[in-house]
Amino acid sequence: MTEWLAPESLDEALELRAEHGGEATVLAGGTFVGILMNQGFLAPQTLLSLGRVQGLDEVEVVDGELRLGAMATHRAVERSAVVRNGWPVLARAFSLVASPRVRNQATVGGVLADADYASDPPAVLTALGARVVLRSPRGERVVGMDELIRGHYETCIADDELLVEVRVPPSPERAVYRKFRSRSSEDRPCVAVAAVRGDAGLRVVVGAVAGRPQELPELCARGGGPAEIGRGYAEAIEPMSDSRGSAAYRRRVIGVEVRRALEALA
Ligand SMILES: Cc1cc2nc3c(=O)[nH]c(=O)nc-3n(C[C@H](O)[C@H](O)[C@H](O)COP(=O)(O)OP(=O)(O)OC[C@H]3O[C@@H](n4cnc5c(N)ncnc54)[C@H](O)[C@@H]3O)c2cc1C
């Protein structure tokens, strides 16, 4: 029998998380955990549900920065007027995830904590310079996306921590997200490209092709046209092969999609 923990406050959730550590599986929207359980890959002793925790699903702007609560659903991000007006690229990226049914369940915290390499939000959040708030009874730390995601299904979240919020700086005027699917329209990306041009210059992040989002700052700083930068990304990244495309196929798509993203940015 699986023990079910359903705290109603964040403090209570953090206490339970610290008490049970890695033995309790955190449950947010359940779209990932549910599949693992149904397929027999995961049989948790304890489930720590965040569904009843008050105040974790807010989408708001504080001092010009967008704050997405860990339990905000993809659908809430996609439909939020605040996000659509201030961070349209983010609304678009979340709107391209799966189907409305999945987006109504899947949460911001869940998609980042599961660190599946083939997710949409990590690339665009990385390009926007987002940071993630991790909290435990020991305190709070704020980490960048590059620190959070260490590899496929691997993050820096400790066994007593919860991801509570994502903070996104003001969006640069120009930002583009492109999702290339090689199979169905509701599928995960084969190649994802987020490109933004802001005060810090050009940032291009390629997702879904390796264990973690790929960014080549030196290449962007060197400049060059869209085709040249696209070629540079295609040559430098070591893509993986999976059911959505072989490494060789992905390499070609990376070149084309980076070029297209930069043309759209211009
Ligand atoms: C049919 C289908 C199609 C999909 N297509 C896409 C797609 O096109 N693009 C895409 O990006 N994704 C896609 N996904 C993935 C989906 O977006 C993720 O499954 C979802 O975002 C996970 O969020 P969740 O809230 O359901 O997480 P859960 O399943 O509840 O949890 C996911 C993981 O994160 C941990 N966790 C959750 N919240 C926290 C927290 N606050 N702190 C610490 N740990 C936490 C859990 O313990 C678990 O390990 C698809 C999923 C399905 C089922």
Side-chain angles (χ1 to χ4, degrees), residues 2 5-7 10 13-14 16-18 20-39 41-42 44-53 55-58 68-78 90 92-126 132-136 140-141 143 148-149 152-166 177-192 194 207-208 213 243-244:
T2 305
L5 305 172
L10 183 55
L14 291 170
L16 289 168
R17 174 76 163 144
H20 292 264
E23 280 172 19
T25 298
V26 178
L27 185 70
T31 59
F32 175 73
V33 171
I35 287 177
L36 293 185
M37 288 178 68
N38 286 341
Q39 293 183 345
F41 291 116
L42 185 70
Q45 202 177 307
T46 307
L47 281 169
L48 172 56
S49 167
L50 302 182
R52 286 198 192 156
V53 175
L56 263 190
D57 61 350
E58 310 226 323
L68 304 173
M71 289 298 287
T73 62
H74 285 45
R75 193 76 165 145
V77 177
E78 167 196 351
L90 204 55
R92 175 174 154 73
F94 275 86
S95 79
L96 295 174
V97 170
S99 58
R101 193 168 169 202
V102 172
R103 295 200 295 277
N104 271 321
Q105 283 291 125
T107 65
V108 168
V111 74
L112 296 184
D114 84 4
D116 190 312
Y117 72 94
S119 295
D120 289 277
V124 70
L125 286 168
T126 303
V132 171
V133 181
L134 304 176
R135 202 175 292 171
S136 73
E140 184 177 284
R141 60 186 177 126
V143 301
L148 176 76
I149 299 179
H152 189 29
Y153 293 145
E154 198 188 336
T155 68
C156 73
I157 303 174
D159 274 353
D160 64 349
E161 282 179 322
L162 287 174
L163 191 162
V164 294
E165 188 176 78
V166 177
Y177 179 68
R178 290 187 60 85
K179 171 174 185 169
F180 178 84
R181 303 169 182 95
S182 53
R183 302 191 312 187
S184 83
S185 64
E186 289 189 358
D187 200 19
R188 288 170 173 272
C190 168
V191 174
S243 57
R244 290 176 208 95

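The structure displayed is predicted, hence computed values, not measured ones. Both counts, for ligands and for their atoms, begin at 1 and track the order of listing.
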Heavy-atom proximity to atom 52 (C) of ligand 1, picking from Leu112, Val102, Ile157, points to Val102
Does ligand 1 have a heavy atom under 4.0 Å from the side chain of Asp187, from its backbone, from both, or from neither?
backbone
As an exercise, identify every atom of ligand 1 less than 4.0 angstrom from a heavy atom of Ala28.
25 (O), 30 (O), 37 (C), 38 (N)
Suppose I only count heavy atoms of Ile35 and a 4.0 Å limit; which atoms of ligand 1 are within that range?
53 (C)
Below a 4.0 angstrom heavy-atom separation, can you tell me which part of His74, side chain or backbone, both or neither, approaches ligand 1?
side chain
Check ion pair Glu78-Arg92 (N to O, under 4.0 angstrom):
no
Got an N/O contact under 3.5 Å between Arg17 and ligand 1?
no
For Ser119, the ligand 1 atoms whose distance to one of its heavy atoms is below 4.0 Å:
10 (C), 11 (O)
Show me which atoms of ligand 1 lie under 4.0 Å from any heavy atom of Leu162.
42 (N)
Which heavy atom of the protein is the closest neighbour of atom 27 (O) of ligand 1, given with residue, atom name and distance?
Gly110 CA, 3.5 Å
Quick one: does any side-chain atom of Ser182 pair with a main-chain N or O of Arg244 as donor and acceptor, under 3.5 Å?
yes
Heteroatom proximity flag, Thr107 to ligand 1, N/O under 3.5 Å
yes
Any donor-acceptor pair under 3.5 Å from Asn104 side chain to Pro100 backbone:
yes
When you measure from the side chain of Arg52 to the backbone N and O of Pro7, does any donor-acceptor pair fall under 3.5 Å?
no
Would one find more than 12 heavy atoms of other residues, nucleotides or ligands at under 6.0 Å from atom CZ of Arg101?
no
Looking only at protein heavy atoms, which one is nearest to atom 33 (C) of ligand 1, and how far off is it?
Asp114 CB, 3.5 Å
Starting from atom 28 (P) of ligand 1, find the nearest protein heavy-atom neighbour and note its residue, name and distance.
Gly30 N, 3.5 Å
Quick check on contacts: which atoms of ligand 1 are under 4.0 angstrom from a heavy atom of Val33?
28 (P), 29 (O), 31 (O), 48 (C)
Specify side chain, backbone, both or neither for Leu50, according to which of its non-hydrogen atoms lie closer than 4.0 Å to ligand 1.
side chain
Looking only at non-hydrogen atoms, find the nearest pair between Ala208 and Ala118 and report the distance.
CB-CA, 3.9 Å
Does Glu140, at its CD atom, have more than 12 non-hydrogen atoms belonging to other residues, nucleotides or ligands within less than 6.0 Å?
yes
Heavy-atom proximity to atom 4 (C) of ligand 1 ranks first, among Ala192, Ala123, Ala98, Gly109, for Ala98
Would you say Phe32 has any N or O atom under 3.5 Å from an N or O of ligand 1, going by distance alone?
yes
Look only at interatomic distance and state if Glu161 has a nitrogen or oxygen under 3.5 Å from any nitrogen or oxygen of ligand 1.
no
Side-chain contact, heavy-atom cut-off 4.5 Å: Leu48 with His20?
no
Please indicate whether any nitrogen or oxygen in Val26 is less than 3.5 Å from any nitrogen or oxygen in ligand 1.
yes
How close does the nearest protein non-hydrogen atom get to atom 6 (C) of ligand 1, and which residue and atom is it?
Arg188 CG, 3.6 Å
Side chain, backbone, both or neither: the part of Lys179 lying under 4.0 Å from ligand 1 by heavy atom
side chain
What's the shortest distance from atom 11 (O) of ligand 1 to any protein heavy atom, and which residue and atom give it?
Asp120 N, 2.6 Å
What do you reckon, does Leu163 have a nitrogen or oxygen under 3.5 Å from a nitrogen or oxygen of ligand 1?
yes
What protein heavy atom lies closest to atom 35 (C) of ligand 1? Include the residue and the distance to one decimal.
Ala113 CB, 3.6 Å
Will you find, in the side chains of Arg188 and Ser119, an N or O donor that is under 3.5 Å from an N or O acceptor?
yes
Would you sort out whether Tyr153 and Phe32 count as a ring pair (Phe, Tyr, Trp, His ring centres under 6.0 Å), showing the intermediate values?
CA-CA 11 Å; Tyr153 293 145; Phe32 175 73; 5.6 Å; yes
On the 0 to 90° scale, with breaks at 30° and 60°, tag the His152-Tyr117 ring pair as parallel, tilted or perpendicular.
perpendicular
Identity and distance of the protein heavy atom lying nearest atom 24 (P) of ligand 1:
Gly29 N, 3.5 Å
Numbering as shown, the atoms of ligand 1 that approach Pro121 to under 4.0 Å (heavy-atom distance)
11 (O)
Okay, side chain of Lys179, backbone of Leu96: is any donor-acceptor separation there less than 3.5 Å?
yes
Any donor-acceptor pair under 3.5 Å from Thr2 side chain to Pro44 backbone
yes
Under 3.5 Å between some N or O of ligand 1 and some N or O of Leu27?
no
For atom 18 (C) of ligand 1, what's the nearest protein heavy-atom neighbour? Residue, atom name and distance, please.
Thr31 OG1, 3.4 Å
Does some side-chain heavy atom of Arg103 sit less than 4.5 Å from a side-chain heavy atom of Thr73?
no
Do Leu162 and Leu50 make a side-chain contact, defined as non-hydrogen atoms from C-beta onward lying under 4.5 Å apart?
yes
The atoms of ligand 1 lying under 4.0 Å from a heavy atom of Val111, numbered in the order shown, are 21 (O), 22 (C), 23 (O)
Within-4.5 Å side-chain heavy-atom neighbours: Pro121 and Val108
no
